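The structure presented is a predicted model; accordingly, all values stated were derived computationally and were not measured.
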Amino acid sequence: VLREPALVRSASRVDRLRQLDQASADLVDRLLDVARTGLPGMQLSDGTMCFTRRFSAARVVGEPEGCSLRYTAIAVLGARHLDPAGQREILAGRTVGEVCDVLADRLSSTNSLGDAALAVWATAASGHEGLERALRRFDQLDSGSGPRYIVDLAWAVSGLVAARSVVDVEPRLDRIRTRLLDSLVGTRQLFGHVTEPDLTSRYRRHVGCFGDQVYSIQALARLHASADDPVSLATAEKCAERLCQL
């Protein structure tokens with residue numbers, strides 16, 4: 001079966017959005033311009049993305065600080081929609097495949113399940129051979145039944161959904177899906193911040209941030225789109241409705 005190129009699919013989504021809501025489409029265009037302008041200055045010499053850029057009154061150009069594997073993976077997920085020339089333009093001369101090489105090589109340096117989950121997602125979505133290494137590191141970091149950050153679980157669901165057409169990830173996906181769905185807080189239809197209080201203070205566990213909601217909504221919607229899952233879809237819709245109400 002021939003699949004439509006990712007760049008074409010991405011463009012068609014914006015076209016459909018433009019037909020429905022011109023203001024929202026204009027916002028998407030503006031955000032894409034911001035990304036294309038800002039990303040080149042975020043990449044470090046080794047191909048990874050910095051954690052932040054610090055500006056001051058004396059410096060017009062912000063100095064990159066730190067190194068973030070998760071931001072590297074997220075940049076790959078966006079840049080893969082561009083052609084190779086566009087990728088090199090925003091990735092300091094590298095293609096998505098070359099950045100995935102660096103990402104896969106650096107995974108042994110992280111102890112973050114979220115970093116590994118995003119690497120699984122980035123390599124799977126890009127069709128990169130580093131997926132196997134990313135899954136191995138994910139399994140190492142997901143061993144045991146300890147507490148998890150909600151965003152890490154959401155990224156794991158999205159990553160495993162992207163990988164399920166390439167390798168057998170169903171046992172992993174079923175386990176992570178269950179933990180994510182079980183993380184809704186009471187009847188509020190919102191996700192907490194962590195699954196158990198050990199990762200943070202007890203009163204912080206149930207107070208989810210914006211990212212805890214949107215990444216979970218995205219993950220559960222992708223899960224349903226990849227294989228019929230009405231429970232995940234209903235949970236995503238209820239959480240989205242509650243978020244809009246608030």
Side-chain angles (χ1 to χ4, degrees), residues 48-49 51 67-77 100-185 191-202 204-206 208-209 211-227 229 231-232 235-236 239:
T48 58
M49 290 290 169
F51 181 75
C67 171
S68 174
L69 295 186
R70 65 182 52 190
Y71 292 163
T72 304
I74 289 173
V76 163
L77 287 168
C100 279
D101 287 338
V102 177
L103 181 62
D105 289 341
R106 294 287 298 273
L107 278 177
S108 60
S109 68
T110 183
N111 291 316
S112 167
L113 180 66
D115 288 359
L118 282 166
V120 169
W121 188 359
T123 52
S126 303
H128 190 268
E129 61 185 10
L131 173 59
E132 185 177 338
R133 277 184 288 168
L135 282 169
R136 282 202 302 269
R137 188 58 178 154
F138 175 84
D139 288 341
Q140 291 170 353
L141 296 173
D142 191 43
S143 61
S145 58
R148 300 285 185 269
Y149 287 105
I150 300 303
V151 290
D152 290 357
L153 295 180
W155 288 333
V157 169
S158 291
L160 294 172
V161 163
R164 76 188 318 185
S165 63
V166 183
V167 295
D168 180 15
V169 296
E170 300 311 311
R172 300 180 182 97
L173 185 54
D174 183 64
R175 183 181 71 253
I176 299 295
R177 170 193 179 275
T178 299
R179 293 201 74 177
L180 183 59
L181 289 174
D182 287 348
S183 298
L184 280 173
V185 180
F191 289 90
H193 188 57
V194 296
T195 58
E196 285 98 31
D198 294 11
L199 285 174
T200 185
S201 56
R202 187 172 296 275
R204 179 69 174 91
R205 171 191 175 188
H206 67 284
C209 66
D212 296 321
Q213 318 312 316
V214 294
Y215 282 118
S216 297
I217 291 168
Q218 180 189 42
L220 294 172
R222 285 177 176 272
L223 181 58
H224 174 70
S226 69
D229 190 335
V231 172
S232 292
T235 302
C239 182

Problem set entry | Pairwise distance CG(Asp182) to OG1(Thr195) - rounded to 0.5 angstrom |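 One gets 10.0 Å once the value is rounded to the nearest 0.5 Å.
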
Exercise. Between CD of Glu170 and CG of Leu160, what distance do you get to the nearest 0.5 Å?
Worked result: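 Glu170 atom CD to Leu160 atom CG measures 9.0 Å (nearest 0.5 Å).
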
Give the minimum heavy-atom separation between [X] and [Y], together with the two atoms involved.
| X | Y | answer |
| --- | --- | --- |
| Ala236 | Ala221 | CB-N, 4.3 Å |
| His224 | Asp229 | ND1-N, 2.9 Å |
| Ala154 | Ala219 | O-CB, 3.3 Å |
| Arg148 | Asp142 | NE-OD1, 3.1 Å |
| Gln218 | Trp121 | OE1-CH2, 3.6 Å |
| Ala124 | Leu131 | CB-CD1, 4.0 Å |

How about [X] and [Y]: do any of their side-chain heavy atoms sit closer than 4.5 Å?
| X | Y | result |
| --- | --- | --- |
| Ser232 | Leu181 | yes |
| Ile150 | Leu180 | yes |
| Arg164 | Leu223 | yes |
| His128 | Val76 | no |
| Val169 | Phe138 | no |
| Ile217 | Cys239 | yes |
| Val231 | Arg177 | yes |
| Arg106 | Asp115 | no |

Exercise. Taking everything shown except Glu132 itself, do over 12 heavy atoms lie less than 6.0 Å from its CD?
Worked result: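 12 or below, so no.
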
Within the side chain of [X], is there an N or O that forms a donor-acceptor pair under 3.5 Å with the backbone of [Y]?
| X | Y | value |
| --- | --- | --- |
| Ser126 | Thr123 | no |
| Ser143 | Gln140 | yes |
| Thr72 | Met49 | yes |

For this session: Name all residues meeting the salt bridge (charged side-chain N to carboxylate O under 4.0 Å, His left out) criterion together with Asp174; count only those two or more places apart in sequence or in a different chain, and write none if there are none.
Result: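 If we apply the salt bridge (charged side-chain N to carboxylate O under 4.0 Å, His left out) test to Asp174, skipping adjacent residues, there are no hits.
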
Exercise. Taking only residues two or more places apart in sequence or in another chain, which ones pass salt bridge (charged side-chain N to carboxylate O under 4.0 Å, His left out) with Arg137?
Worked result: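 Listed in chain order: nothing, the list is empty.
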
